[in-house]
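Following: one structure in structure tokens, then a few remarks.
The model shown is predicted, which means the values in this text are computed figures rather than measured ones.
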Amino acid sequence: MSLSDCEEAFQKNNLQLLAEQYNINMADADILQAKIWELPQLSGQINAYNPEGKKVFDIGQAKGAEITQLIYMGGKKKNEIAFAKSNKELAQLQFSQLLVDLRTQLHAAYFNLYYEKLKLENTNKQLGYMNDLLSAYRVQSAKGNVSLKDEVRLQSLVIQLNNDKLGINKNILEFEQNLKVLTGVSDDIEPQLSETDAKDILAAQPFGDEEELKKKALENNSDYQYFLKLIDNSKLYAQWQKSLNVPDLNVGAGWDQNGGTFKNEVNLMVGIPLPLWKANQGNVVKANYAIQQNQKNADYQKLNLETKVQAAYKTWKTQYDQLAEIKTTDLSNMELVYDGMLKNFRKGNVNLIEFTDFMDSYRQTALQIYDMKNEIMQSAEQLNQLIQTKIFY
């Protein structure tokens, strides 16, 4: 699968992403709920006992009914709806941040797997030759043509290569498992990334200097935007709590057959709590403290984000410059020397000590170069995760 294939499967199948989407749906439901008014209340009364006529349930002469509706005052409903809409915006920002985090995990696992596969291929190539060589030395050692010391020296190098292979295979299993969970694809994924595409990714540089990247991160990072939105959210909550101190009206109409001043009397009813004290004052004070708290959290997140961008950029820059010092010709020369050592050793122009020393050095260097390339891609992904807008051109 190509990286774009993995991203497509990820967006369709990732269970964490699908589950997080429901938070937005639930926020929509909260907005709907905030718009709903209290139901009107209907009540009635009938006679239980008529003392004059000595009758029980004298319904024919004495009954009444009334209906009341709570009327919200002080903009309570408007404030509650605004707060619910703000909660939805927070849910959307949380979803955006999760999307970025999981996509970064996807890219990291993909590139890790790509380079571990290359390391495995290179290690298997060395192992194939060294195992054949060791088998030949064992035969010659048994005949007394070569010393046991030479056989042990080769055996040591083969053990090191096998140990490398064991670690690489362990990493491959881990990265394959991560990709399966992230993409929802149950089969093992083989990264489809050409050498040219890999070189293009490695050669890409971020647009803008360190300060420009910080500015872009503050404008686009969903996690930081979440904390900024949380300040607005807490202000809306405080406004809503303050409006709850305003008394509401109960408006209604009632009909009474014989219990009023007139027969079949129809009355207008209005009820309001006496505002002798602010019944919601504690929640208002608490909400105001939440505004100050969220402001401090946002200030911290800003500093934290700027620091992370600075560190990530410096890490990427150091790794990029380090790899740039290794010229393409140097890598080609290393392969030429490797092939030359094999040929000269077969011809007897190179002794076993020189050969095994070179092979051990080549083994370590080959793995290190793959790791260097992978680390550059991982650093670039970390920058993308922090800045969350296109910066590599």
Problem - Exceeds 12 heavy-atom contacts within 6.0 angstrom, atom NZ of Lys242 - result: no
Exercise for the section: Take atom CG of Leu42 as the centre, draw a 6.0 Å sphere, and report whether it contains more than 12 heavy atoms from other residues, nucleotides or ligands. Expected result: yes
Handout entry: Connected-component partners of Tyr289 among ILVMFWY, side-chain separation under 4.5 Å
Key = Val285
Practice task
Examine distances only and state if a side-chain atom of Asp197 and a backbone atom of Leu193 form a donor-acceptor pair shorter than 3.5 Å.
Solution key: no
Practice task
Apply salt bridge (charged side-chain N to carboxylate O under 4.0 Å, His left out) to Glu80 and list each qualifying residue two or more places apart in sequence or on a separate chain.
Solution key: Lys77
Exercise for the section: Enter the distance from Ile31:CD1 to Met26:CE here, rounded to the nearest 0.5 Å. Expected result: 13.0 Å
Handout entry: Minimum side-chain heavy-atom gap Tyr226-Leu90 below 4.5 Å
Key = yes
Handout entry: Gln205 CD to Phe392 CZ distance, which is reported to the nearest 0.5 Å
Key = 9.0 Å
Problem - Min side-chain heavy-atom separation Glu20-Asn23 under 4.5 Å - result: yes
Handout entry: Under 3.5 Å donor-acceptor, Asn294 side chain and Ala290 backbone
Key = yes
Handout entry: Full working for salt bridge (charged side-chain N to carboxylate O under 4.0 Å, His left out) between Asp150 and Arg153
Key = CA-CA 5 Å; Asp150 290 341; Arg153 181 180 289 274; 5.1 Å; no
Practice task
May I ask you to decide if the ring planes of Tyr370 and Tyr115 are parallel, tilted or perpendicular, using 30° and 60° as cut-offs?
Solution key: tilted
Practice task
In sequence, state the C-alpha distance, the side-chain angles, and the governing distance for Asn297 and Gln293, and then conclude on side chain to side chain donor-acceptor pair (under 3.5 Å).
Solution key: CA-CA 6 Å; Asn297 284 334; Gln293 182 186 49; 4.9 Å; no
Problem - Trace of the salt bridge (charged side-chain N to carboxylate O under 4.0 Å, His left out) decision for Lys215 with Glu212 - result: CA-CA 5 Å; Lys215 180 181 176 183; Glu212 180 68 20; 5.2 Å; no
Problem - Salt bridge flag under 4.0 Å for residues Lys88 and Asp30 - result: no
Practice task
Rounded to the nearest 0.5 Å, what's the gap from CE on Met372 to CG on Asn374? Could you check?
Solution key: 12.0 Å
Handout entry: Any donor-acceptor pair under 3.5 Å from Asn122 side chain to Leu118 backbone
Key = no
Handout entry: Lys125 and Glu335 ion-paired at < 4.0 Å
Key = yes
Exercise for the section: Let me see the working for Ser4 and Ser2 under side chain to side chain donor-acceptor pair (under 3.5 Å), right down to the final yes or no. Expected result: CA-CA 5 Å; Ser4 60; Ser2 67; 3.0 Å; yes
Exercise for the section: In sequence, state the C-alpha distance, the side-chain angles, and the governing distance for Lys117 and Glu121, and then conclude on salt bridge (charged side-chain N to carboxylate O under 4.0 Å, His left out). Expected result: CA-CA 6 Å; Lys117 293 272 189 177; Glu121 182 182 342; over 6 Å; no
Fill in the blank from the handout: Smallest heavy-atom separation, Leu98 atom then Gln16 atom, equals CD2-O, 3.7 Å
Fill in the blank from the handout: Nearest heavy-atom approach of Lys263 to Asn258 is NZ-OD1, 2.8 Å
Practice task
Apply side chain to side chain contact (heavy atoms under 4.5 Å, CB included) to Asp28 and Leu32, showing your working.
Solution key: CA-CA 6 Å; Asp28 280 325; Leu32 177 63; over 6 Å; no
Problem - Joint cluster assignment, Trp37 & Val251, ILVMFWY side-chain distance < 4.5 Å - result: yes
Exercise for the section: Indicate yes or no for a side-chain donor-acceptor contact from Gln295 to the backbone of Ile231 under 3.5 Å, with no hydrogens or angles considered. Expected result: no
Handout entry: Spacing of CG belonging to Asn124 relative to CG belonging to Asp164, to within rounding of 0.5 Å
Key = 11.0 Å
Problem - Least distance between heavy atoms, Ala217 atom then Leu386 atom - result: CB-O, 3.9 Å
Problem - Heavy-atom check, side chain of Ile24 versus side chain of Gln21, under 4.5 Å - result: yes
Exercise for the section: Return yes if some donor-acceptor pair links the side-chain N/O of Asn163 with the main-chain N/O of Ile159 below 3.5 Å, else return no. Expected result: no
Handout entry: Sub-4.5 Å side-chain heavy-atom contact between Asp223 and Phe227
Key = yes
Practice task
Considering non-hydrogen atoms only, spot the tightest contact between Val100 and Gln385 and give its length.
Solution key: CG1-O, 3.7 Å
Practice task
Look at Lys85 together with Glu89 and state whether they make a salt bridge at an N to O cut-off of under 4.0 Å.
Solution key: no
Practice task
Might you point out which heavy atoms bring Ser86 and Lys229 nearest each other, and give the distance in Å?
Solution key: OG-CD, 4.2 Å
Problem - CA sep, side-chain torsions, deciding dist, call: Asn384, Ile391, side chain to side chain contact (heavy atoms under 4.5 Å, CB included) - result: CA-CA 7 Å; Asn384 284 328; Ile391 57 169; 3.6 Å; yes
Practice task
Identify whether the distance between the nearest side-chain nitrogen and carboxylate oxygen of Asp371 and Lys119 falls below 4.0 Å.
Solution key: yes
Handout entry: Student check: side-chain heavy atoms of Leu113 and Asn178 closer than 4.5 Å
Key = no
Exercise for the section: Could you tell me the separation between the CG atom of Leu182 and the SG atom of Cys6, rounded to the nearest 0.5 Å? Expected result: 9.5 Å
Handout entry: Aromatic plane relationship, Tyr137 with Phe345 - under 30° parallel, 30 to 60° tilted, over 60° perpendicular
Key = parallel
Practice task
Please answer: with hydrophobic residues joined when any side-chain heavy atoms are less than 4.5 Å apart, are Tyr237 and Leu228 in the same cluster?
Solution key: no
Practice task
Verify side chain to side chain donor-acceptor pair (under 3.5 Å) between Thr104 and Asp101, making sure each step is shown before the conclusion.
Solution key: CA-CA 5 Å; Thr104 301; Asp101 291 342; 5.5 Å; no
Exercise for the section: Return the minimal non-hydrogen interatomic distance between Gln257 and Ala62, and the atom names on each side. Expected result: OE1-N, 3.3 Å
Exercise for the section: Would you mind reporting whether Asn79 and Leu236 have side-chain heavy atoms less than 4.5 Å apart? Expected result: no
Practice task
May I ask you to check whether Gln45 and Asp256 show a side-chain donor-acceptor distance below 3.5 Å?
Solution key: yes
Exercise for the section: Please tell me if the side chains of Phe111 and Leu3 come closer than 4.5 Å, counting only heavy atoms from C-beta onward. Expected result: yes
Problem - Over 12 foreign heavy atoms within 6.0 Å of CZ, Phe57 - result: no
Fill in the blank from the handout: CD of Glu306 to CG of Asn221, rounded to nearest 0.5 Å, is 11.5 Å
Practice task
Run the numbers on Asn145 and Gln140 for side chain to side chain donor-acceptor pair (under 3.5 Å), then give the verdict.
Solution key: CA-CA 5 Å; Asn145 296 331; Gln140 295 302 317; 2.6 Å; yes
Problem - Salt bridge Lys343-Asp339, side-chain N to carboxylate O under 4.0 Å - result: no
Practice task
Inspect the contact between Asp299 and Lys302 and indicate whether a charged nitrogen and a carboxylate oxygen are less than 4.0 angstrom apart.
Solution key: no
Problem - Test log, rule side chain to side chain contact (heavy atoms under 4.5 Å, CB included), inputs Phe207 and Lys390 - result: CA-CA 9 Å; Phe207 178 77; Lys390 186 173 176 63; over 6 Å; no
Exercise for the section: Test side chain to side chain contact (heavy atoms under 4.5 Å, CB included) on Gln11 and Arg103 and set out the steps. Expected result: CA-CA 9 Å; Gln11 293 195 9; Arg103 183 182 285 125; 3.0 Å; yes
Exercise for the section: Please tell me if the side chains of Trp316 and Gln382 come closer than 4.5 Å, counting only heavy atoms from C-beta onward. Expected result: no
